[in-house]
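Data first, discussion second: the structure below is written as structure tokens.
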Amino acid sequence: TMVVDETRYVEIGRVAYIAHGDDKGKLCVIIDVVDQNRVLVDGPCSNMGRQQINIKTIQLTALSVSIARSCKQKYVKKAWEKAGITEKWNNSTWAKKIANRELRTTLTDFDRFKLMKAKQARNRLVNVEFGKLRKALKKAPKPAAKKVVKKKK
């Protein structure tokens with residue numbers, strides 16, 4: 001099997017998720033590296049202007065676009081759309097987990113109650129089926145054990 005290298009480097013064109021700050025939750029592209037602590041980012045399709053941001057406030061994704069260093073926003077937007085970054089991000093497990101977390105925070109008390117009851121019903125069905133399989137396994141005849149014959153010398 002082939003193993004894909006999951007190392008993510010701070011590089012020009014790397015798509016990042018902003019974890020902290022005013023633009024929390026937005027995607028951006030690294031345009032330039034200012035120093036070892038800051039990068040210049042631009043978010044053309046997430047309504048985020050070009051700005052310097054601390055590396056500690058972003059999380060690097062596996063996505064990247066092919067752009068030149070410090071290129072204009074219109075070229076970043078073209079590369080973003082050509083690579084289909086928004087669609088790839090929306091289909092990623094990471095984005096789905098974030099959407100699920102946001103959905104759970106908006107649940108009312110009654111919604112949480114309904115969710116609990118649905119989980120109980122599902123678990124009850126699973127346990128019933130598991131019990132049937134276990135019972136069928138106990139009733140099944142056991143295969144005969146092989147006899148070990150010792151040879152005489």
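- For the pair T93/K96, no side-chain contact is recorded, criterion being any heavy-atom separation below 4.5 Å from C-beta on.
- Within the structure, the ring-ring contact (aromatic ring centres under 6.0 Å, His included) test picks out no pair touching residues 43-73 (sequence neighbours left out).
- Evaluation of the salt bridge (Lys or Arg N to Asp or Glu O under 4.0 Å) test over residues 53-65, restricted to residues two or more places apart or in two chains, returns none.
- Between the CD1 atom of I53 and the CG atom of D42 there is a distance of 11.5 Å, given to the nearest 0.5 Å.
- Taking Q59 as the reference, nothing meets the side-chain hydrogen bond (donor to acceptor under 3.5 Å, both in side chains) condition, with sequence neighbours excluded.
- Residues I85 and V29 have side chains not in contact (no heavy-atom distance under 4.5 Å, counting atoms from C-beta outward).
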Check residues 108-119 and write down every donor-acceptor pair under 3.5 Å in which the side-chain atom is one partner and the other belongs to a residue at least two apart or another chain.
from, atom 1, to, atom 2, distance (Å)
T108, OG1, D111, N, 3.2
T108, OG1, D111, OD2, 3.1
D111, OD2, T108, N, 3.4
R112, NH1, L107, O, 2.9
K117, NZ, Q120, OE1, 3.4

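- Shortest non-hydrogen contact noted between M48 and C28 is CE-CB, 3.7 Å.
- Shortest non-hydrogen contact noted between K77 and C45 is CG-SG, 4.1 Å.
- To the nearest 0.5 Å, atom OG1 of residue T105 and atom CG of residue N100 are 10.5 Å apart.
- The line from NZ of K139 to NZ of K135 is 5.0 Å long, rounded to the nearest 0.5 Å.
- With sequence neighbours excluded, the residues that form a salt bridge (Lys or Arg N to Asp or Glu O under 4.0 Å) with E129 are K132.
- Scanning for salt bridge (Lys or Arg N to Asp or Glu O under 4.0 Å) contacts around R104 gives an empty result, with sequence neighbours left out.
- Connection of I58 to L40 is not established within any shared hydrophobic cluster, with ILVMFWY side chains joined at heavy-atom distances below 4.5 Å, either directly or through further cluster members.
- With sequence neighbours left out, the side-chain contact (heavy atoms from CB on, under 4.5 Å) criterion links N123 to no other residue.
- S92 pairs by the side-chain hydrogen bond (donor to acceptor under 3.5 Å, both in side chains) definition with nothing, not counting sequence neighbours.
- Residue pairs meeting the ring-ring contact (aromatic ring centres under 6.0 Å, His included) criterion with at least one partner in residues 15-54, sequence neighbours excluded, are Y17-W89, Y17-W94.
- For the salt bridge (Lys or Arg N to Asp or Glu O under 4.0 Å) test, residues two or more places apart in sequence or in another chain that qualify with E11 are R14.
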Output, in order, the C-alpha distance, side-chain angles, deciding distance and verdict of side chain to side chain contact (heavy atoms under 4.5 Å, CB included) for L125 and R122. CA-CA 5 Å; L125 289 173; R122 181 197 61 200; 5.8 Å; no
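- Residue pairs that meet the salt bridge (Lys or Arg N to Asp or Glu O under 4.0 Å) test with at least one member in residues 20-31, sequence neighbours left out, are D23-K26.
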Per-pair distances, 0.1 Å, donor-acceptor, side chain in residues 60-71, under 3.5 Å, sequence neighbours excluded:
from, atom 1, to, atom 2, distance (Å)
T61, OG1, V15, O, 2.6
T61, OG1, L63, N, 3.2
R69, NE, D32, OD1, 3.0
R69, NH2, D32, OD2, 3.4
S70, OG, D32, OD2, 3.1

